[in-house]
Amino acid sequence: MSRALSTGQILRKPAVHSAGGAVVSQNRIASEIGAEVLRDGGNAVDAAVAMSFALGVVEPWMSGIGGGGYMIIRHASDTGAQVVDFGMRSPAELNVADYPIVGGASSDLFPWPNVKDNANVFGARAVAIPGVVAGMDLAHRTWGTRPWADLLVPAIAEAQAGLEVDWYAQLVIASVAPVLAQYPASRATFLDAQGFPKSSAWTALGETRCDMSALAATLSRIAEAGPDDFYRGTLAAQLVGDLRAAGGRHSAKDFAQYQARILPASESRYRRHRMFSTPELTAGPTMEHVLSLLERWQPMGTAPDAQAYIAYDKAIRTANAQRLSTMGDVEAEPAYSCTTHFNVVDADGTTVAVTQTLLSMFGSRLMLPGSGVLMNNGVMWFDPEQGRPNSIGPAKRCLSNMVPTLLERSDGRRIALGGAGGRKIMPTVAQLVSFLLDYDMDIETAMHTPRIDASMSDVTIADSALPSDIITALKASLPTVVAAPRTAYPFNFACPGIAERDAQNASAVAETMAPWAEAVAV
């Protein structure tokens with residue numbers, strides 16, 4: 001924790017409420033776009049599609065059409081829920097010999113052994129086959145009501161205008177500027193002529209923007225020619241050509257054979273309530289394990305006490321230990337995790353939660369010159385050592401920590417939630433589930449209640465806003481506890497969002513410390 005930070009500052013973001021629906025995302029522009037789709041008569045899936053494409057423009061380092069993710073959806077009349085899996089895949093021609101281990105530990109998200117030239121982290125050989133376009137297409141064809149091209153119009157307009165560089169954008173760009181400088185299109189987009197991060201003058205009213213015109217043209221092509229062009233058409237050929245020119249082993253067949261999937265959500269019970277989450281290679285099964293362990297503990301009072309946080313810590317660590325031994329996902333602290341989460345609740349009671357990612361901040365840092373698409377570094381999800389549960393290999397599905405979640409309380413309230421922040425996501429979502437269900441909190445109270453993070457093997461981070469007696473009790477009971485604030489940078493905790501529908505209204509609330517995050521009511 002920085003000694004210079006104010007300890008007296010108090011930030012709050014009130015929940016918003018409306019009978020017409022509500023949305024929340026990590027960027028106000030995207031939230032307003034989603035709300036406008038609902039106002040115009042679109043449903044929750046229409047709004048989610050528009051927001052997905054917009055987020056790839058207005059916070060390009062977090063997600064975009066070069067990445068992948070998961071959507072979970074439930075209509076008011078549904079007994080269960082459905083998941084759209086648009087996770088990433090490794091290229092079929094991936095060659096394990098391209099990733100020789102040279103010793104030491106990687107400095108990015110995961111403490112894998114170092115790979116020569118960081119080939120699994122930066123550049124074309126770190127890129128997995130992206131799924132966002134296919135996922136949004138599948139969701140739209142299955143449940144959408146508005147014309148596909150219309151839903152891309154806001155994202156295209158934002159890309160044509162360019163990304164405004166405010167203080168937060170400048171901070172994020174600066175954090176990875178040395179690597180962005182290695183890739184010509186990335187350098188030209190995010191850095192100035194001298195190779196420094198683009199910035200706006202801190203005492204002036206003028207603005208600086210990043211040129212996103214190439215991405216605007218690509219989005220226009222997807223709108224006009226259809227999403228299939230991204231995987232099997234002219235655009236696919238351009239993407240594959242640029243990736244191979246940069247050293248990747250991607251093929252037209254990789255893109256042509258990629259398919260998003262719809263599968264039933266995993267359903268579980270927590271006390272008297274129902275939970276729907278993502279199955280298979282996500283953090284959904286691990287979170288279900290956490291909650292099954294928490295059922296052995298009995299909450300007391302109207303807010304978590306020290307024993308509650310100790311119970312959270314032990315359950316999270318137990319469930320993560322099983323995950324590490326069976327799924328091979330062993331991340332370090334995700335200081336540069338590059339993920340975004342958003343929720344939509346419409347007037348008809350449909351709830352949608354979406355998490356999408358490029359994996360690291362700016363993904364592979366490689367922007368393709370012809371299309372302006374910033375590509376993921378999903379290959380880094382794999383362990384470069386062979387013979388492990390999650391070893392790197394060709395044509396493999398990527399293991400992720402995403403866990404968009406839907407709840408149905410025993411009183412009928414339906415809640416959509418999730419978060420961004422790598423391995424920090426699941427501990428945050430699990431605690432929010434407990435706040436909402438064990439303590440009957442409203443979503444605003446839950447969002448502002450301090451949390452802990454138990455995602456790292458050697459330390460528990462406790463929100464410094466916790467009462468001093470709770471922090472003292474935690475330090476006495478847990479091996480290593482460090483008190484740290486919820487700050488805009490770095491993210492000591494995950495960045496969640498929550499939306500809800502009851503009999504009268506939709507509501508939503510955004511993370512307090514994320515400067516761009518916003519909830520918007522219709």
Side-chain angles (χ1 to χ4, degrees), residues 56 59-69 86-91 93-96 98-99 101 105-132 172-173 175-183 185-187 189-190 239-240 242-244 246-250 254-255 258 281 329-340 355-368 371-384 390-402 420-423:
E59 50 166 20
W61 43 81
M62 289 293 185
S63 69
I65 60 176
F86 53 101
M88 294 175 262
R89 312 285 193 272
S90 61
E93 295 179 14
L94 180 144
N95 187 344
V96 174
D98 289 339
Y99 308 92
I101 294 171
S106 172
S107 61
D108 208 276
L109 282 178
F110 311 143
W112 305 134
N114 263 327
V115 168
K116 184 179 179 181
D117 300 326
N118 284 307
N120 60 333
V121 181
F122 306 133
R125 291 189 179 173
V127 176
I129 309 305
V132 165
V172 172
I173 293 169
S175 71
V176 294
V179 187
L180 292 174
Q182 298 176 26
Y183 304 101
S186 303
R187 178 186 177 109
T189 301
F190 299 109
L239 297 171
V240 171
D242 282 350
L243 283 166
R244 293 191 75 90
R249 296 188 180 273
H250 309 77
D254 283 325
F255 278 74
Y258 181 90
L281 296 178
D329 186 21
V330 287
E331 296 123 301
E333 180 181 1
Y336 297 102
S337 178
C338 173
T339 304
T340 197
T355 311
Q356 57 187 40
T357 188
L358 292 179
L359 185 51
S360 291
M361 191 75 76
F362 289 89
S364 64
R365 284 68 160 180
L366 170 66
M367 177 176 282
L368 300 184
S371 61
V373 177
L374 193 58
M375 298 302 289
N376 69 81
N377 61 340
V379 169
M380 191 177 62
W381 260 312
F382 300 107
D383 188 336
N390 188 37
S391 293
I392 193 169
K396 293 183 68 173
R397 295 171 60 203
C398 299
L399 173 67
S400 81
N401 287 290
M402 293 176 275
R423 198 174 168 207

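Keep in mind the model is a prediction, meaning the values are calculated, not measured.
- Ring pair Phe362/Phe190: centre-to-centre distance below 6.0 Å.
- Under the rule for a side chain to side chain contact (heavy atoms under 4.5 Å, CB included), the partners of Ala181 that lie at least two apart in sequence or sit in another chain are Arg187, Leu191.
- Here CG of Asp117 is found 10.0 Å from CZ of Arg125. Values are rounded to the nearest 0.5 Å.
- Between the Arg249 side chain and the Gly247 main chain, no donor and acceptor come within less than 3.5 Å of each other.
- Two residues are said to be in side-chain contact when any heavy atoms from C-beta on lie closer than 4.5 Å; Ile392 and Leu94 meet this criterion.
- Summarising the geometry of Met88 relative to Trp381, their closest heavy-atom pair is CE-CZ3, 3.3 Å, with the distance given to 0.1 Å.
- Checking side-chain atoms of Tyr183 against main-chain N and O of Gly123 turns up a donor-acceptor pair under 3.5 Å.
- In terms of heavy atoms, Thr339 sits closest to Gly421 at CB-N, 4.3 Å.
- Taking every heavy atom of both residues into account, Val172 and Ser175 meet most closely at O-OG, 2.6 Å.
- How far CD1 of Ile101 is from CG of Asp383: 7.0 Å, rounded to the nearest 0.5 Å.
- Rounded to the nearest 0.5 angstrom, Leu374 CG and Leu368 CG are separated by 8.5 Å.
- Contact between Ser371 and Asp242 at its shortest, heavy atoms only, is N-OD2, 4.2 Å.
- Note: Asn376 CG to Ile65 CD1 = 12.0 Å, rounded to the nearest 0.5 Å.
- A distance of 8.0 Å separates CZ in Phe122 from CG in Asn377, rounded to the nearest 0.5 Å.
- Without hydrogens or angle criteria, Tyr258 side chain to Phe86 main chain gives a donor-acceptor distance under 3.5 Å.
- Across all their heavy atoms, Ala185 and Met367 have their closest contact at CB-O, 3.4 Å.
- A distance of 10.5 Å separates CG of Leu239 from NE2 of His250, quoted to the nearest 0.5 Å.
- Judged by distance alone, the side chain of Ser90 and the main-chain N or O of Lys396 form a donor-acceptor pair under 3.5 Å.
- Judged by distance alone, the side chain of Thr189 and the main-chain N or O of Ser186 form no donor-acceptor pair under 3.5 Å.
- Counting all heavy atoms, side chain and backbone alike, Met375 lies closest to Val127 at CE-CG1, 3.6 Å.
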